[in-house]
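Have a look at the structure below before the remarks.
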Amino acid sequence: MNRHRTALSVLLSAGALVAGVLTAATPSIAADTPTSFRPQQTQGFWTVERMRGATPLDVTAVPGAARTAAADSAPPTAIAPTAAAAAVSPTAFPQAGGAWTGGGAVVKTSGRVFFTMGSRTASCSGNSITSANGSTVMTAGHCVKYQGAWHTNWVFVPAYNNGSAPYGQWSATKTFATDQWAASEDMNMDVGLAVVAPLNGQTLSQAVGAQGVLFNGGYNKKMYSFGFPAAAPYDGTKLVYCSGNSGKDFLLTKDHSLGCNMTGGSSGGPWFQDFNEATGLGTQVSVNSFGYTFLPNRMYGPYLGNEAKAAYDKAQAS
């Protein structure tokens, strides 16, 4: 499948690197393209200063010329959350973007993702999800692999707070992407996962809990989106959320659509339906992926269909 740059290019909601810095050729599709990677880790690499200085990833891309076959007619597959949380005060719905002050499980399960791209350090967002291995993080595909190269020094920092890592840094032992993202970076399939090593004798879900996941859950739901945007007017220091009634992209993808002003660094943050403001628990159905340059304050997230389920199954079995 060839992809052509056009005036209708899209800017992934991943940040604000200097334009042109990451220009690279579009990767070609190969039948033997690996869909997982064991990222190199440098002990002690992610200092407070490096985390604060990591640049939110910024890329310009267009979706594949052909839409991937819609999967919303497939039967839904739901994975329940791992644990509940204490009740907290609710916040606001709808919300175009603001600091999450409600507390609850989402504060622990969501976090910042840090990695290196060649000689550069960069950041995204991610979320701990229920899995067989208890050690799986869901994020965006471009937060594990971009322009044909897998990221290294990949860590997840749940409950990140202005440089502090209250639950530690969780190093990825293996990262995954949907087959379609790994092969051609198909924007419809911008889903990535990471399996992280135990820390202090615990798995990730034992330490911070894990949210439930739903595949083939349909469209047009009440949604909550979370992330750590680091490009202005945000600074990456706190968890931010958007909420509202979602729709479906009518332009170039089959993604979910939500009114949201989150900026770079929020990529990979979770989208929830059936989200309970009082507990901070929800069912994850997407991740922050991209926004059209000509449609500001609107976020798009991939539909978690059979392709995402296949990637999830590989990750949780790893």
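Not measured: the values here are computed from a predicted model. Numbering of residues begins at 1 and proceeds along the displayed sequence.
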Next item on the list: Under the side chain to side chain donor-acceptor pair (under 3.5 Å) rule, collect the residues that match up with Thr42, sequence neighbours excluded.
Entry: Asn153
Notebook entry, point to check: Sequence neighbours excluded, which residues qualify as ring-ring contact (aromatic ring centres under 6.0 Å, His included) partners of His151?
Noted result: Phe115
Checklist line | Leu258 vs Trp271 side-chain heavy atoms within contact, under 4.5 Å | finding: yes
Next item on the list: Verify whether one side chain among Ser225 and Asn288 offers a donor that lies under 3.5 Å from an acceptor in the other.
Entry: yes
Check: Any side-chain heavy atom of Leu214 within less than 4.5 Å of one from Gln273?
Finding: yes
Check: Closest heavy-atom contact between Pro39 and Thr175?
Finding: CD-N, 4.1 Å
Check: Do Asp186 and Ser184 get their side chains close enough for a donor-acceptor pair, meaning under 3.5 Å?
Finding: no
Next item on the list: Decide yes or no for Phe114 and Thr121: does some side-chain heavy atom of the first lie under 4.5 Å from some side-chain heavy atom of the second?
Entry: no
Checklist line | Contacts of Lys314 that satisfy salt bridge (Lys or Arg N to Asp or Glu O under 4.0 Å) - sequence neighbours left out | finding: Asp179
Notebook entry, point to check: With side chains defined as the heavy atoms from C-beta onward, is the minimum distance between Asn127 and Gln284 less than 4.5 Å?
Noted result: yes
Checklist line | Enclosure of Lys221 NZ (heavy-atom neighbours >12, cutoff 6.0 Å) | finding: yes
Next item on the list: Could you check if a side-chain atom of Asn216 sits within less than 4.5 angstrom of a side-chain atom of Tyr303, using non-hydrogen atoms only?
Entry: yes
Note to self: I need the minimum non-hydrogen distance between Pro56 and Gly264, along with the two atoms involved.
What the structure shows: CB-C, 3.5 Å
Note to self: Could you work out, with side chain to side chain donor-acceptor pair (under 3.5 Å) as the rule, every residue matching Gln169, not counting sequence neighbours?
What the structure shows: none
Checklist line | Heavy-atom side-chain proximity of Arg112 to Met51 below 4.5 angstrom | finding: no
Notebook entry, point to check: Parallel, tilted or perpendicular for Tyr300 and Tyr292, by the 30°/60° rule?
Noted result: perpendicular
Next item on the list: Could you check if a side-chain atom of Leu252 sits within less than 4.5 angstrom of a side-chain atom of Met187, using non-hydrogen atoms only?
Entry: no
Next item on the list: I would like to know whether Asp235 and Thr237 meet side chain to side chain donor-acceptor pair (under 3.5 Å); could you show each step before the answer?
Entry: CA-CA 6 Å; Asp235 59 10; Thr237 60; 2.7 Å; yes
Next item on the list: Determine whether the side chains of Arg298 and Ser257 contain a donor N or O and an acceptor N or O closer than 3.5 Å.
Entry: yes
Notebook entry, point to check: Between CG of Asn306 and OG1 of Thr178, what distance do you get to the nearest 0.5 Å?
Noted result: 12.5 Å
Check: Which pair of non-hydrogen atoms, one from Val287 and one from Pro302, has the smallest distance, and what is that distance?
Finding: O-CD, 3.3 Å
Next item on the list: Return the minimal non-hydrogen interatomic distance between Leu304 and Ser286, and the atom names on each side.
Entry: CD1-N, 3.7 Å
Check: Can you name the side chain to side chain donor-acceptor pair (under 3.5 Å) partners of Tyr234, sequence neighbours left out?
Finding: Asn261
Note to self: Can a side-chain donor-acceptor contact be found between Ser289 and Asp190 if the only test is distance below 3.5 angstrom?
What the structure shows: yes
Next item on the list: Go through the side-chain N and O atoms of Ser131 and Thr136 and say whether any donor and acceptor fall under 3.5 Å apart.
Entry: yes
Notebook entry, point to check: Which atom pair, heavy atoms only, marks the closest approach of Thr47 to Gly44?
Noted result: CG2-O, 3.8 Å
Note to self: Going by ring-ring contact (aromatic ring centres under 6.0 Å, His included), name the residues that satisfy it together with Tyr224, two or more places apart in sequence or in a different chain.
What the structure shows: Phe93, Phe275
Notebook entry, point to check: Hey, are the side chains of Gln41 and Thr173 touching, using non-hydrogen atoms and a 4.5 Å cut-off?
Noted result: no
